[in-house]
K.L.:
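Pasting a structure below so you can have a look.
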Amino acid sequence: MPVKRGNAARVRTKALASDYTVSLHYDRRLYREDIAGSIAHARMLGRQGIISGDESKAIVGGLEKIRAEIESGKFLWRPELEDIHMNIEARLFDLIGDTAGKLHTARSRNDQVATDTRLYARARAEDTMRSLRGLQGTLLDCAEKNPSTLLPGYTHLQRAQPVLLAHHLLAYFEMFDRDARRFESARAAADVMPLGSGALAGLPYSIDRESVARELGFSAIASNSMDAVSDRDFLLDWLSAAAIAMMHVSRLAEEIVLWSSEEFGFVQLSDEYTTGSSIMPQKRNPDFAELARGKTGRVYGNLMAALTTLKGLPMTYNRDLQEDKERLFDTVDTLLPTLEITAGMLSGARFNEGRMRDAARRSYVLATDLADYLVRKGMPFREAHGVVADLTRTAMNRGKYLHDLSLADYRRASGLFAKDVLDINLEASIAARDTIGGTSPRRVADALKAARTRLKNARPREGGGLGAGDRSSTPASPPSGGEGG
Ligand code: ARG
């Protein structure tokens, strides 16, 4: 038997349906890109005689006014109009009347939204590269400030061989360098213009895509209209570059958490980057490093969500694609502050040279050097390894370190040991690793210099473009009924 539904239920259903489809509360962040795209499109329509010159001018004027309204917080957002595109178009009708209806000639929201998102992704890739380069600069500052600080290098989190702190920090420089290059390539992936593809099949008007691309700063035009409206690979490139960068930040954060513990005591974070405990007054918790590590999960999640959204889509545009933007926005909002926080945390950090050296001294990190010593005297490495393993056991059993053993102890283990074995120390071990990419002071000094040059030459793009200053692009007043920016 059909259930009779009351009016209240129908109203509720309608509200639920509109809440379900609305994207305005997040896609209004694209207003700059949307307006720039529309202006370029309207100018082209005028130039091509598809609309008149006066109509084109009226549309462009209206759009500029709308941009000013949004930026001054005067724009009235209407969630019932679903998305940013419809909000701007509706306001254009208020401002210039029926001519507004001509803007959407030779265009679809499908090529429009893809264009907006690409413009946005491109600008944010530039911002990210700048932040990555900044973080790399901070790492170099830290390395240069601590040129001779040494610490145990670890494998399996076991003290392994001594290394220079600068060498350790330069390892992260390399990671972030690769990240910056990944963002350069994500930027290039976004730099292809879908506009002019129409809903999916191209357009029955004599449009001029080249001039629109030029005006929007795109270096290429999508070659297949069906691909153009449904392709979000550029977004996956962005999100995976972000996931990898966050993974690197997270590794660094993990080391900061470990190093700032009482157990390690290798680093002291400045007060701004630690928090106290409400009940344990002695605590200096590395919350920022922990959050950077923790937020990596959501960025991975954004990549997985986007991949999953895309995997089942038949050609071409499907409304599922609306789910792409929040994944990007959330990633931008996580990655960019994380990079800045990490740089700030590092530049205020004090590395405890004494604790690091002590950790290296109270260890067996010179065992490999002893084996190498025997190799230089002609013993095969495997045998030398065995001799030093025995020596290490002997020392451990006596509660001593290798450098506490006497020459007699060494000579009992192998007759190849002579007095100069006592010269093996942390500095000598480090200096000996003078191969390309090694930790010797000479190599590290060269690597530091080379890194500075690389960073200078990498000079980030001017950036910004249409989407400059993303943070200010969130309009002051939230859409009524929406959940704010
Ligand atoms: N809000 C939509 C999105 O983000 C805009 C495109 C809508 N197109 C459509 N055919 N319904 O994908």
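As the structure lists them, so they are numbered: ligands from 1, and atoms in each ligand from 1.
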K.L.:
Taking distance alone, with no angle check, do Asp83 and ligand 1 share an N/O pair under 3.5 Å?
P.N.:
yes
K.L.:
Do Arg122 and Phe218 form a cation-pi contact, if we require the NZ or CZ to be under 6.0 Å from the six-membered ring centre and within 45 degrees of the ring's axis?
P.N.:
yes
K.L.:
What is the nearest protein non-hydrogen atom to atom 11 (N) of ligand 1, stated with its residue, atom name and distance?
P.N.:
Arg109 NH2, 3.8 Å
K.L.:
Which of the atoms of ligand 1 are close to Lys325, meaning less than 4.0 Å from one of its heavy atoms?
P.N.:
3 (C), 4 (O), 12 (O)
K.L.:
Are Arg91 and Asp94 ion-paired here, with the side-chain N under 4.0 Å from a carboxylate O?
P.N.:
yes
K.L.:
Under a 4.0 Å threshold between the charged nitrogen and the carboxylate oxygen, would Glu174 count as salt-bridged to Arg454?
P.N.:
yes
K.L.:
Between Glu33, Arg29, Arg32, which is the residue that forms a side-chain hydrogen bond (donor to acceptor under 3.5 Å, both in side chains) with Tyr120?
P.N.:
Arg29
K.L.:
Any idea which atoms of ligand 1 are less than 4.0 Å away from a heavy-atom of Ser23?
P.N.:
1 (N)
K.L.:
Give me the nearest non-hydrogen protein atom to atom 1 (N) of ligand 1 as residue plus atom name, then the distance to 0.1 Å.
P.N.:
Gln322 OE1, 2.9 Å
K.L.:
With salt bridge (Lys or Arg N to Asp or Glu O under 4.0 Å) as the test, would you mind laying out the steps for Arg182 and Asp237 before giving the verdict?
P.N.:
CA-CA 8 Å; Arg182 263 184 284 272; Asp237 287 341; over 6 Å; no
K.L.:
Before signing off on this row, confirm whether Tyr317 and ligand 1 have an N or O atom pair separated by under 3.5 Å.
P.N.:
yes
K.L.:
Where does Glu82 meet ligand 1, judged by heavy-atom distances below 4.0 Å: at the side chain, the backbone, both, or neither?
P.N.:
neither
K.L.:
Could you tell me, atom by atom, which parts of ligand 1 come under 4.0 Å of a heavy atom of Asn110?
P.N.:
8 (N), 9 (C), 10 (N)
K.L.:
Is the Phe183 ring parallel, tilted or perpendicular to the Trp238 ring (thresholds 30°, 60°)?
P.N.:
perpendicular
